[in-house]
Q: 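Below you'll find the structure I mean.
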Amino acid sequence: MRSLYELDGHVATITYNRPDALNAVNGAMRRGLNDAFSRFRDDEDAWIAIVTGAGRAFCAGGDLRDGAGAIGEFAGTFWEKPTVNFVRERLGDSSSP
């Protein structure tokens, strides 16, 4: 598993878990992180999330060896959605991207 989700009381911990690659995000890790963030969003007992990295690095960024898999294939993953919604709010744009 390339990302971990743990709940202790009301505190969720989401861990980037690819220390052998300095937690660089590849397609499998991105899908795992999307699942972990969705779980946090939907978990009524989770009030706060701590995001951390296993090993000696938090995250080295996108794994360039994985091509487009590291950045996602469509708008709406946890990477894009907050930015799109923020821009729409600030610009007053209600249209779809």
Side-chain angles (χ1 to χ4, degrees):
M1 181 175 291
R2 296 301 183 178
S3 61
L4 304 173
Y5 179 92
E6 298 175 6
L7 187 63
D8 182 11
H10 294 294
V11 179
T13 302
I14 297 171
T15 304
Y16 287 49
N17 191 29
R18 225 179 137 216
D20 53 311
L22 299 177
N23 297 315
V25 179
N26 64 4
M29 185 176 186
R30 181 186 48 76
R31 287 185 296 276
L33 290 170
N34 285 339
D35 291 344
F37 277 96
S38 293
R39 186 172 169 191
F40 171 68
R41 180 195 63 215
D42 297 338
D43 190 342
E44 291 185 13
D45 290 328
W47 296 356
I48 296 171
I50 297 170
V51 181
T52 188
R56 64 186 179 100
F58 170 68
C59 179
D63 188 341
L64 299 179
R65 294 173 292 176
D66 194 39
I71 58 172
E73 291 109 16
F74 60 94
T77 65
F78 82 91
W79 304 104
E80 296 98 359
K81 196 168 188 173
T83 303
V84 169
N85 289 338
F86 176 78
V87 170
R88 283 187 193 155
E89 282 179 19
R90 295 295 178 197
L91 298 178
D93 180 9
S94 62
S95 64
S96 297

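We number each residue from 1, following the sequence as shown.
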Q: First locate atom CZ of Phe37, then atom CG of Asp42, and finally report the distance between them rounded to the nearest 0.5 Å.
A: 13.0 Å
Q: Which heavy-atom pair separates Val25 from Cys59 by the least distance, and what is that distance?
A: CG2-SG, 3.9 Å
Q: Main chain of Asp45, side chain of His10: is a donor-acceptor contact present, judged purely on distance under 3.5 Å?
A: yes
Q: In terms of relative ring orientation, are Phe58 and Tyr16 parallel, tilted or perpendicular, with 30° and 60° separating the classes?
A: tilted
Q: Find out whether Arg18 and Asp63 are in side-chain contact, i.e. whether some heavy atom of one side chain is under 4.5 Å from a heavy atom of the other.
A: yes
Q: Without swapping roles, check the side chain of Asn26 against the backbone of Met29 for a donor-acceptor pair under 3.5 Å.
A: yes
Q: Partners of Thr52 by side chain to side chain contact (heavy atoms under 4.5 Å, CB included), sequence neighbours excluded?
A: Thr13, Thr15
Q: Between the side chain of Asn23 and the main-chain N/O of Gly53, is any donor-acceptor distance below 3.5 Å?
A: no
Q: Determine, step by step, whether Ile14 and Leu33 satisfy the side-chain contact (heavy atoms from CB on, under 4.5 Å) criterion, reporting the C-alpha distance in whole Å, the side-chain angles of both residues, the deciding distance to 0.1 Å, and the verdict.
A: CA-CA 8 Å; Ile14 297 171; Leu33 290 170; 4.0 Å; yes
Q: Is there a path of hydrophobic side-chain contacts, each under 4.5 Å between heavy atoms of I/L/V/M/F/W/Y residues, joining Leu7 to Trp47?
A: no
Q: Can you name the salt bridge (Lys or Arg N to Asp or Glu O under 4.0 Å) partners of Asp20, sequence neighbours left out?
A: Arg2
Q: Can you name the nearest heavy-atom pair linking Pro19 to Gly55, along with the distance?
A: CB-CA, 4.0 Å
Q: So which heavy atom on Ala21 is nearest to which on Ala60, and how close?
A: O-CB, 4.5 Å
Q: Output the rest of the hydrophobic cluster of Leu22: all Ile, Leu, Val, Met, Phe, Trp and Tyr residues reachable through side-chain heavy-atom contacts under 4.5 Å, sorted by chain and number.
A: none
Q: Between Tyr5 and Asp43, does any side-chain donor sit less than 3.5 Å from a side-chain acceptor?
A: yes
